[in-house]
Amino acid sequence: MKALSIHKLEKTYRNGVVALKGISMDVEEGDFFGLLGPNGAGKTTTIGILTGLVTKTGGTAQVFGKDIDKEFEEAKRLVGIVPQEMNFNIFEKVIDIVLDQAGYYGIPRDIALSRAEKYLKQLGLWEKRTVTSRTLSGGMKRRLMIARGLIHHPKLLILDEPTAGVDVELRRSMWDFLVDLNKSGTTIILTTHYLEEAEQLCKRIAIINKGEIIENTTKKQLLSQLNRESYVLDLLHGINNVPEILGVTITKIDESTLEVQFPSGKSITALFKELERHGIIIKSMRTKTNRLEELFLDLVEDKK
Amino acid sequence: MKSDLISLYTILHKEVTRFLRIWTQTLLPSAITMTLYFIIFGRFIGSRINDIQGFSYINFIAPGLIMMAVITNSYSNVVSSFFGSKFQRNIEEILVSPTPTWVIIVGYAVGGVLRGLIVGLLVTLVSLFFTKLVIYNIILVILFVFLTSLVFSLAGLLNGIFAKSFDDVSIVPTFVLTPLTYLGGIFYSLSVLPPVWQFISQFNPILYMVNGFRYGFLGFSDISVTLGLSFLVGFVVILFWLNWYFIEKGVGLRT
Ligand SMILES: Nc1ncnc2c1ncn2[C@@H]1O[C@H](COP(=O)(O)OP(=O)(O)OP(=O)(O)O)[C@@H](O)[C@H]1O
Ligand SMILES: [Mg+2]
């Protein structure tokens, strides 16, 4: 079963901005799907169309087989949304925001109450349930929107940059939460600017740029496209001069740290040996994070 | 269907909680203004005015003053609440849910009706300090006040749908509602006007509401009560349909 299937989706805003130029993509049930793209690429527009906040100007979309033109109410029941921008009433209490949302989905009060307790506790907001939402911190507001988006037990949860402006520790705990949710069967679509986040979480990744999907593949496949490997090497002894080795870019980060980049396929043992010949002993090494970032920039740059 | 009713109850509950929470802005002002009207027009000036159809001036204006409070409060409740939800974007909570359009309309409109009726009741209570309550036909009183309040709640919703700024929220009440209300026969009987103005007044819908409501209390009216009721029902149907049409189209709600 496809959790989401969109076909030639188009959107031209009233002011003439063409936000989507006929994008097509599928998301399988159970997937953890990353939708990546630079600012203004059309991510929020796509999500808006699926949730009824933006009217499409062309194409079709189905959520678990329910067409958003023909069976929108059924489709809406299956989707949960965590929007990019804060959109709750800042004068209302945390618990009321979650309970009212349950009400809009037709969930009886007693069930709503027990779910609200479950999610607010899981997201660390239970203690705050009776405060006015205005007084929450930015990270708490994000988590409140996650609880709100889950209250009707959607089969597909769409998060639009859920970790923007969230500190590292909290981001990790949100990742854990989302991974557990995905494991328990909820299909997740996530947009993000943090490529590390997509690398950590997503099974499949699509890259959208200027209203077009320029890549849609598994994360593994995407990473293997990287034709260069980058490593950070910690050295046993500090060095003064950076050695020159053919085909390898070596950058000195500090006295005893080097960054090396070399073409995939080249043996790393060979590189180590050569370094050793220059009297450089490697204490430890790590892969450079954000490898996706480079690829992403390459891809987006290519299509310009 | 059950799901729709829960959603309706949720909207309604939220609306009522809202105006009760800020009662000093929603319930109190009209009660105070109307007290002043009763003192000034009823007591000070009214005592120098001849009886109308056998009723003292204060008796004559009381129904109109109640109606005025009902009209303003119903309208402004819905327009400010709905526009407020648009402004804070929490209307999106409803839009992403499967809540059907009719539930949104009924929820907001009935919220406005409840505020209108509560304020109407408060003003009625205030009037008891100045005059005694005469009731000619309670059914008509209830019908007129309910339908009028519903009409202006629906009109407020329509305004809220189109409003883009807080200015748009106050334009209609200031430039349309207030003049029409003052010229709607609250303070005078149509017969005191020159023929031209009598003719023009016929196009003022509020005249029919005020007169019909007054008929329920005092048993006389400048216009046909049946015509008044028909107009009200017609307005409800038309306004409901307009709201439904524009919400379905996503006017002011979807980009
Ligand atoms: N309401 C609107 N009216 C007109 N143009 C809009 C509207 N909303 C978005 N756009 C335009 O549509 C394009 C896509 O915007 P969208 O918000 O979908 O991008 P995004 O990928 O979510 O970007 P970001 O990462 O910055 O959130 C942009 O050029 C944007 O300016
Ligand atoms: Mg966006």
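Residue numbering restarts at 1 for every chain, and letters A, B, ... go by the order of the sequence lines. Side-chain atoms are counted along with the backbone in the values below, which use heavy atoms only and exclude waters and symmetry mates.
- Both the backbone and the side chain of A:P108 come within contact range of chain B, with heavy atoms under 4.5 Å apart.
- Residues of residues 83-96 of chain B placed with any heavy atom under 4.5 Å of a heavy atom in chain A are listed by number as B:Q88, B:R89, B:N90, B:E92, B:E93, B:I94, B:L95, B:V96.
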Full working for ring pair (Phe, Tyr, Trp, His ring centres under 6.0 Å) between B:F187 and B:F41: CA-CA 9 Å; B:F187 299 104; B:F41 290 99; 5.1 Å; yes
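- Without hydrogens or angle criteria, A:T191 side chain to A:D160 main chain gives no donor-acceptor distance under 3.5 Å.
- With hydrogens and angles ignored, the 3.5 Å screen pairs no side-chain donor or acceptor of A:D31 with any backbone N or O of A:T187.
- A:S133 places a side-chain N or O within 3.5 Å of a backbone atom of A:E92 that can act as its donor or acceptor partner.
- At least one donor-acceptor pair closer than 3.5 Å links the side chain of A:R142 to the backbone N or O of A:E161.
- Side-chain atoms of A:K141 do not come within 3.5 Å of backbone N or O of A:M86 as any donor-acceptor pair.
- Taking non-hydrogen atoms and a 4.5 Å limit, the residue list of residues 43-80 of chain A in contact with chain B, ordered by number, reads A:T51, A:G52, A:L53, A:V54, A:T55, A:E73, A:K76, A:R77.
- In terms of modelled atom types and a separation under 3.5 Å, the side chain of A:R129 and the main chain of A:L120 share no donor-acceptor contact.
- With a 4.5 angstrom heavy-atom cutoff, B:R21 touches chain A only via side-chain atoms.
- Between chain A and the options B:S3, B:P98, B:S7, the largest number of non-hydrogen pairs under 4.5 Å is found for B:P98.
- Side-chain atoms of B:S149 never come within 3.5 Å of backbone atoms of B:S74 as a donor-acceptor pair (strictly under, hydrogens ignored).
- Ring geometry for B:F130 versus B:F38: interplanar angle under 30°, hence parallel rather than tilted (30 to 60°).
- A ring pair (Phe, Tyr, Trp, His ring centres under 6.0 Å) with B:Y208 is found for one member of B:F144, B:F231, B:F213 and no other, namely B:F231.
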Salt bridge (charged side-chain N to carboxylate O under 4.0 Å, His left out) between A:E10 and A:K21, intermediate numbers included: CA-CA 5 Å; A:E10 289 174 20; A:K21 299 173 185 161; over 6 Å; no
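- In terms of the side-chain contact (heavy atoms from CB on, under 4.5 Å) criterion, residue partners of B:S165 (sequence neighbours excluded) are, by chain and number, B:D167, B:D168.
- Heavy-atom distances place both the backbone and the side chain of A:F88 under 4.5 Å from chain B.
- Checked by atom type and distance alone, the side chain of A:T186 never pairs as donor or acceptor with a backbone atom of A:N182 at under 3.5 Å.
- Taking 4.5 Å as the heavy-atom cut-off, the residues of residues 237-255 of chain B that approach chain A are B:L253, B:R254, B:T255, ordered by number.
- Within the 4.5 angstrom heavy-atom criterion, only side-chain atoms of A:R148, from C-beta onward, approach chain B.
- B:L36 CG: more than 12 foreign heavy atoms inside a 6.0 Å radius.
- The main-chain N or O of B:V78 is never found under 3.5 Å from a side-chain atom of B:S81 such that the two would form a donor-acceptor pair.
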